[in-house]
Amino acid sequence: MSIETVRAWFGTHAPDVTIIETTQPTATVTQAAEVHGVRPGQICKTLSFKLTDDSAILIVMAGDARLDNKKFKTQFGCKAKMLNAEEVVHFTGHPVGGVCPFGLPVPLTVYADHSLREYDTVLPAAGSANSAVRLTPARLAELTNAQWLDVTTQPV
């Protein structure tokens, strides 16, 4: 189980972090924000992309931010191409809806978008559609060795 992989990962790398599991639906950013009592931007989206060399990367961004395709192309030299559901599981070990930068079966480069810095705490998923962890953006970046970048725009 993906959540068990994440639980084991936190047990080794950050035993002080508790995985929050909910019984209420958290399939959308809006639902997750309601369930956790936070603003939508605090719910992290972890998006997975394939680069031109067929490597995969993860970008963690605020839940209310949108990918800016022009910024992505400037940063990576190619158009943004998201992994399909099968590729997501292959590269991350997590199902769509539970994708997170923790407990990955193989190391992937993780990026943290600047949109996360607007918040004191953020909640990325923890390997399932109804799990999350509460961290500061700095701790998220530290635990995942994430590089900071700017590839999003905020909604109007």
Side-chain angles (χ1 to χ4, degrees), residues 2 5-6 9-10 13-14 17 19-20 26-36 38-156:
S2 185
T5 303
V6 174
W9 187 89
F10 275 112
H13 297 91
V17 175
I19 294 178
I20 305 161
T26 57
T28 67
V29 168
T30 303
Q31 288 174 331
E34 267 186 39
V35 168
H36 292 289
V38 297
R39 292 171 37 203
Q42 290 177 267
I43 302 299
C44 295
K45 294 190 286 194
T46 302
L47 303 181
S48 48
F49 297 93
K50 186 182 288 188
L51 300 180
T52 53
D53 65 358
D54 284 336
S55 66
I57 61 166
L58 299 179
I59 300 177
V60 185
M61 63 181 65
D64 61 353
R66 296 199 180 271
L67 183 71
D68 182 312
N69 288 314
K70 186 175 180 182
K71 288 181 182 180
F72 185 97
K73 188 170 185 175
T74 299
Q75 179 75 34
F76 296 106
C78 62
K79 288 177 117 179
K81 181 179 181 199
M82 293 190 72
L83 300 179
N84 65 38
E86 187 178 298
E87 291 170 322
V88 167
V89 173
H90 171 76
F91 281 106
T92 71
H94 307 309
V96 172
V99 177
C100 63
F102 317 111
L104 303 171
V106 294
L108 294 177
T109 302
V110 177
Y111 296 91
D113 185 73
H114 77 102
S115 59
L116 298 173
R117 288 182 166 158
E118 181 179 335
Y119 305 101
D120 292 334
T121 59
V122 294
L123 288 94
S128 70
N130 68 325
S131 65
V133 293
R134 189 180 293 261
L135 304 166
T136 65
R139 182 89 189 274
L140 170 66
E142 173 193 338
L143 287 172
T144 61
N145 294 314
Q147 301 171 44
W148 288 99
L149 81 170
D150 175 4
V151 291
T152 61
T153 59
Q154 292 295 323
V156 183

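Only a predicted model underlies this, so the values are computations on that prediction, with no experimental measurement involved.
Of the inter-residue distances, the one linking Leu123 atom CG with Leu135 atom CG reads 8.0 Å to the nearest 0.5 angstrom. Interatomic distance, SG of Cys44 versus CG of Leu140, reported as 5.5 Å (0.5 Å rounding). Note that the OG1 atom of Thr109 and the CD atom of Gln147 stand 6.5 Å from one another [nearest 0.5 Å]. Atoms OG1 and CG, from Thr121 and Leu116 in turn, are 11.0 Å apart once rounded to the nearest 0.5 Å. With values rounded to the nearest 0.5 angstrom, Leu149 atom CG is found 11.5 Å from Thr74 atom OG1. Rounding to the nearest 0.5 Å gives a distance of 9.5 Å between NE2 of His114 and CE of Met61.
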Residues 51-58 side chain polar contacts: donor-acceptor under 3.5 Å, at least two apart:
| residue | atom | partner | partner atom | Å |
| --- | --- | --- | --- | --- |
| Asp53 | OD1 | Ser55 | N | 2.9 |
| Asp53 | OD1 | Ser55 | OG | 2.5 |

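When each of Leu143, Thr144, Asn145 is checked for a side-chain contact (heavy atoms from CB on, under 4.5 Å) with Val110, only Thr144 meets the rule.
Residues passing the side chain to side chain contact (heavy atoms under 4.5 Å, CB included) test with Ser131, sequence neighbours excluded: Ile3, Ile19, Glu21, Ala126, Ser128. Val29 is linked by a side chain to side chain contact (heavy atoms under 4.5 Å, CB included) to Pro40, Ile43, Lys45, counting only residues two or more places apart in sequence or in another chain.
Formation of a donor-acceptor pair under 3.5 Å by the His90 side chain with backbone atoms of Glu86 is not found in this model. A side-chain donor-acceptor contact under 3.5 Å links His94 to the backbone of Phe102. Panel note: side chain Ser2, backbone Gly127; a donor-acceptor pair is recorded below 3.5 Å. Looking at Gln75, its side chain never comes within 3.5 Å of a backbone N or O of Asp150 through a donor-acceptor pair. Thr5 places no side-chain N or O within donor-acceptor distance of the main-chain N or O of Gly103, the cut-off being under 3.5 Å. At distances below 3.5 Å, at least one donor-acceptor pair connects side-chain atoms of Thr26 with backbone N or O atoms of Ala129.
In summary, Glu87 and Lys81 do not engage in a salt bridge, as defined by a charged side-chain N under 4.0 Å from a carboxylate O.
Nearest heavy-atom pair across Trp148 and Pro137 is CZ2-O, 3.8 Å. Across all non-hydrogen atoms, the minimal contact from Thr46 to Cys100 is OG1-CA, 3.9 Å. Smallest separation of non-hydrogen atoms from Gly41 and Asp64: CA-OD1, 3.4 Å. His36 and Arg134 make their closest contact through O-NH2, 3.5 Å (heavy atoms, listed as atom of the first residue, atom of the second, distance). Between Val122 and Thr136 the shortest heavy-atom distance is CG2-C, 4.4 Å.
The side-chain heavy atoms of Thr152 and Lys71, taken from C-beta on, include no pair separated by under 4.5 Å.
Checked against the 6.0 Å centroid threshold, Phe49 and Phe76 do not count as a close aromatic pair.
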side-chain contact (heavy atoms from CB on, under 4.5 Å) between Ile59 and Phe72, worked out: CA-CA 10 Å; Ile59 300 177; Phe72 185 97; 3.8 Å; yes
